[in-house]
Amino acid sequence: MEHPGQPRVCAAGEAVELAPRDPDPSVDYEWSVATAPSGSRAELGDEPVQWFEPDVPGRYLLRLTDGRTTHDLTVRAFAEGTAPSADAGRSGGVAAGGSEQAEQPGEQFDSGGAVGSATHAGVDDDGEEPERPRVQLETVVDDEEVRIHAKLAPASTRRVEFLLDDRDDLDESDVTVEGRTLTIERAVLGDRARVYAVPLTDDAYGVPDAVDVRRSPSDGERGSDPDTGRWTVTVDRPYDPPSWALDSTIYEVYVRTFADADPERSQFAAIRERLDDLDELGIDTLWLTPVLQHDGAPHGYNITDFFAIASDLGDREEYRALIEAAHDRDIRVLFDLVCNHSARDHPFFQDAYGDPDSPYRSWYEWQESGEPGTYFDWELIANFDFSTLAVRRHLLDVVDEWAPLVDGFRCDMAWAVPDGFWREVHDRVKAHDSEFFLLDETIPYIPDFQGGLFDMHFDSTTAFCLREVGDGNKRAEEILDAVDERRRVGFPDHASFMLYHENHDEPRYLASYGEDAAFAAAGALATLPGAPMVYAGQETGQLGKRDRLDYENAREDLTEHYRRLLALRDEHPALRHRADLSRVDYDVRAGRDDDIVAYRREAADGEAVVVALNFGGGVAEIGVDPAVGGDDLVTGAAVGTDDGAVTVDDVVVVPIRE
């Protein structure tokens, strides 16, 4: 029996899911409350998977046993009411999840925030709601000790609480805490010490950060430093994304319409033949929509066999050949992992439907009507019941089946699956490959998914804002408010995001909002902080969201626009994910004010640029402070005017003069 994982954080009155990891459905597991704060009457039931609700603040020690092994798990409950509210991004709202219906964006996507008029001041709006506390851990190792310092934000975040992992041979008596710094003497450091930090204000707790301190190796003098004779200490940041993924350029392939229909070759083979084009475009990460056996719906999200490749796409060897061909071009591949549901045509559901005595009856959620649980009246799928150990076992076996073949998972409908399951998936895949990548589809995004669940998040807030700007319902400057929303709802500074403005569930941006907005929106994807995602056909002018791609009539001007933008992002550190984004003062001298926005990006090495976007027709002219160069880095064209302004057709990127 594996340990149930890292300490849990919640507020009193907020439920925490408990489940044995790597479960054996034939084993009897038992949870109990070993210790609880004074005054607590919180109890646990008899089920192996259950929800524990602390009733008073404090630390709880919960115990899990299978009759042979016992594990303890800490649950830290903060004051009632300190949990983030749903509108602060804690729990999901509408999400598409790849089913036949697309999401309908609602008020929960609204980034809000007022903006200026024709003259734009580079300051944040003082009237926005308070930011949720954030933390990032910084570690220093010297000859005597390991110091872990909590960097807190915003200024109102004045406290931090450290938690130790119950799995490690490190007690609270082995560490000292002074203010925002926890110190471990090297003399007491065991093989491993996982340390967590929770940022706090009087009103809220924030997303924890973590460091993983290891004494390596643990089997003799080979691990000692030859100069000091001491063990070598390494520090990892398990909540950071893999280095390759942070600045990746993702390309979504809707697998059944990406290539020409040809009965003489498989879809996998046809996709493989297009890899050189994607490489030339600047793509380094390929997200394939589901490739498993399904019920016939072309999107593939209604799965009937989680261990078999879809026969209409090819076989397992052809799938493997596609992955290997992508790897030959330094393109990584993401597997679209569906865990929330199966198709109703799945043989397990067929056995369970209408038969209360079926061994698979407990695998699914059921309504009082006798119909399966589902979302949004989707009639072809049935939600799994994660309180059943056999379901968790089955899906973990699915993870084990496909993870070794690919570089990461795009996790479908992540918001609909219990957090505890995703934590287990995270730890499971990272234990075998620390560079394995987990991308969550959650709309709207959930900051707490940053705390040991996923590496990168769909930035649905910015996506919705880009579409609203294209539709004329928002001002272009509100794009910056949308990016700022990440921080306000509580994502820490080390969180990472996938930028997009269309996918297989959204109408095409070009078809919906026209050419002017589409060219500007491409500029936003390549110049804002995040990993840009291009949906197949977006770069060629495709108008139907799931139609077979029309390569004969591809728009080379749009393709070249994307090619230049993606290359520019790769060439300039100032446009990378971790480069600073800030507002600049600018005035619109020609053009429609609502269609135009300018901002500054600056890299740690000092490189700085100003980006200007024009979502409207015609050529805009804006005066920008600070002073900028006169040549556009995207096209090489001269865009500076005699009076210090720049002209903007759709997007310009100009260097800041020293």
Does some side-chain heavy atom of Leu549 sit less than 4.5 Å from a side-chain heavy atom of Tyr254?
no
Closest approach of Thr249 to Arg569 (non-hydrogen atoms, all atoms of both residues)
OG1-NH1, 3.3 Å
Is Arg159 paired with Asp202 through a side-chain N to carboxylate O contact shorter than 4.0 Å?
yes
Counting neighbours of CZ on Arg578 that are heavy atoms of other residues, nucleotides or ligands and sit closer than 6.0 Å, is the number greater than 12?
yes
Tell me, do Glu131 and Ser156 make a side-chain contact under 4.5 Å, heavy atoms counted?
no
Would you confirm whether the ring centroid of Tyr535 sits within less than 6.0 angstrom of the ring centroid of Tyr500?
no
Ring-face cation of Arg548 near Phe258 (centre distance under 6.0 Å, axis angle within 45°)
no
Point-to-point distance, once rounded to the nearest 0.5 Å, from CG of Asp557 to CZ of Phe519
4.0 Å
Check Arg555 with Asp550, please: is the shortest side-chain N to carboxylate O separation under 4.0 Å?
no
Using the rule side-chain contact (heavy atoms from CB on, under 4.5 Å), only one of Leu281, Leu565, Leu558 pairs with Glu539; which is it?
Leu281
Within the structure provided, determine whether Asn340 and Asp412 are in side-chain contact (heavy-atom separation under 4.5 Å).
no
Salt bridge check, Lys545 against Glu506: does any charged N sit closer than 4.0 Å to a carboxylate O?
no
With side chains defined as the heavy atoms from C-beta onward, is the minimum distance between Val9 and Tyr196 less than 4.5 Å?
no
Could you walk me through whether Asp505 and Arg546 satisfy the salt bridge (Lys or Arg N to Asp or Glu O under 4.0 Å) test, starting with their C-alpha distance in whole Å, then the side-chain angles of each, then the deciding distance to 0.1 Å, before giving a yes or no?
CA-CA 9 Å; Asp505 284 317; Arg546 297 183 182 180; 2.9 Å; yes
Taking Gly636's backbone N and O only, do any of them form a donor-acceptor pair with Asp631's side chain (distance below 3.5 Å, no angle check)?
no
Roughly how far, to the nearest 0.5 Å, is the CG atom of Asn503 from the CZ atom of Arg508?
9.5 Å
Does any part of the side chain of Val646, heavy atoms only, come nearer than 4.5 Å to the side chain of Ile622, both counted from C-beta?
yes
Under a 3.5 Å distance rule, please check whether Asp594 uses its side chain to pair with a backbone N or O of Arg475 as donor and acceptor.
no
After noting the C-alpha distance and the side-chain angles of Arg180 and Glu138, does the key distance pass the salt bridge (Lys or Arg N to Asp or Glu O under 4.0 Å) rule?
CA-CA 11 Å; Arg180 302 177 182 182; Glu138 300 172 338; over 6 Å; no
Full working for side chain to side chain contact (heavy atoms under 4.5 Å, CB included) between Leu525 and Leu466:
CA-CA 10 Å; Leu525 295 182; Leu466 285 169; 4.1 Å; yes
Side chain of Trp244, backbone of Glu435: donor and acceptor closer than 3.5 Å?
yes
Rounded to the nearest 0.5 Å, how far apart are OH of Tyr445 and CD of Glu485?
5.0 Å
Exercise: identify the closest heavy-atom pair between Pro532 and Ser248:
CD-O, 3.6 Å
Are Arg158 and Leu152 close enough, and set up right, to give a side chain to side chain contact (heavy atoms under 4.5 Å, CB included), and what steps lead you there?
CA-CA 7 Å; Arg158 302 184 182 277; Leu152 302 178; 5.9 Å; no
Should we count NZ of Lys151 as having more than 12 external heavy atoms under 6.0 Å?
no
Working to the nearest 0.5 Å, report the span between CG of Asp595 and CG of Asn614.
6.0 Å
Can a donor-acceptor pair be found, under 3.5 Å and without considering hydrogens, that links the side chain of Asp632 to the backbone of Val653?
yes
Would you say the ring centroid of Trp415 lies under 6.0 angstrom from that of Tyr375?
yes
With a 3.5 Å distance limit and no angle check, can you tell me whether Glu441 reaches the backbone of Met413 through a side-chain donor-acceptor pair?
yes
Kindly say whether Leu137 contributes a backbone atom to a donor-acceptor pair with the side chain of Arg237 at under 3.5 angstrom?
yes
Is the backbone of Pro298 close enough, under 3.5 Å, to the side chain of Arg256 for a donor and an acceptor to pair up by distance?
yes
Going by heavy atoms in the side chains, are Pro447 and Arg488 under 4.5 Å from each other?
no
Centres of the His501 and Tyr509 rings: under 6.0 Å?
yes
Answer yes or no for Arg486 and Phe497: cation-pi contact, defined as NZ/CZ to six-membered ring centre under 6.0 Å and angle to ring axis within 45°.
yes
Could you check whether Glu280 pairs with Arg329 (Lys NZ or Arg NE/NH1/NH2 to Asp/Glu carboxylate O, under 4.0 Å)?
no
Determine whether the aromatic ring centres of His457 and Phe449 lie less than 6.0 Å apart.
no
Apply the side-chain contact (heavy atoms from CB on, under 4.5 Å) test between Tyr239 and each candidate in Asp209, Val207, Val211; give the one that qualifies.
Asp209
Where do Glu252 and Thr289 come nearest, in terms of heavy atoms and distance?
OE2-CG2, 3.4 Å
May I ask you to test the Pro290-Phe335 pair for a side-chain heavy-atom distance under 4.5 Å?
no
So, are Arg583 and Asp484 salt-bridged, with charged N and O less than 4.0 Å apart?
yes
Compare every heavy atom of Ala536 with every heavy atom of Val253, then report the nearest pair and how far apart it is.
CA-CB, 4.4 Å
Measure the CG-CG distance between Asp240 and Leu246 for me, rounded to the nearest 0.5 Å.
8.5 Å
Regarding Asp643 and Thr641, do their side chains bring together a donor and an acceptor under 3.5 Å, going by distance alone?
yes
Donor-acceptor pair, distance only, cut-off 3.5 Å: does the side chain of Ser496 make one with the backbone of Asp455?
yes
Any Leu581 side-chain heavy atom under 4.5 Å of Leu480 side chain:
yes
Going from OG1 on Thr461 to CG on Asp481, what distance comes out if it is rounded to the nearest 0.5 angstrom?
11.5 Å
Tell me the closest heavy-atom pair linking Gly470 and Ala517, and the distance in Å.
CA-CB, 4.1 Å
Classify the angle between the aromatic ring planes of His504 and Trp287 as parallel (below 30°), tilted (30 to 60°) or perpendicular (above 60°).
perpendicular
Output yes when a side-chain donor or acceptor of Glu607 lies under 3.5 Å from a complementary backbone atom of Ala574, and no otherwise.
yes
Do side-chain atoms of Asp247 reach the backbone of His577 as a donor and acceptor pair under 3.5 angstrom?
yes
Please determine whether side chain to side chain contact (heavy atoms under 4.5 Å, CB included) holds for the pair Gln538 and Tyr251, giving the CA-CA distance in whole Å, both sets of side-chain angles, and the decisive distance to 0.1 Å.
CA-CA 10 Å; Gln538 178 177 323; Tyr251 191 89; over 6 Å; no
Kindly state whether the ring of Tyr513 and the ring of Phe615 have centres lying under 6.0 angstrom apart.
no
Closest non-hydrogen atom pair, Trp422 against Ala414:
NE1-O, 2.9 Å
Pair Glu571-Leu633, side chain to side chain contact (heavy atoms under 4.5 Å, CB included): steps then yes or no
CA-CA 10 Å; Glu571 294 165 3; Leu633 296 176; over 6 Å; no
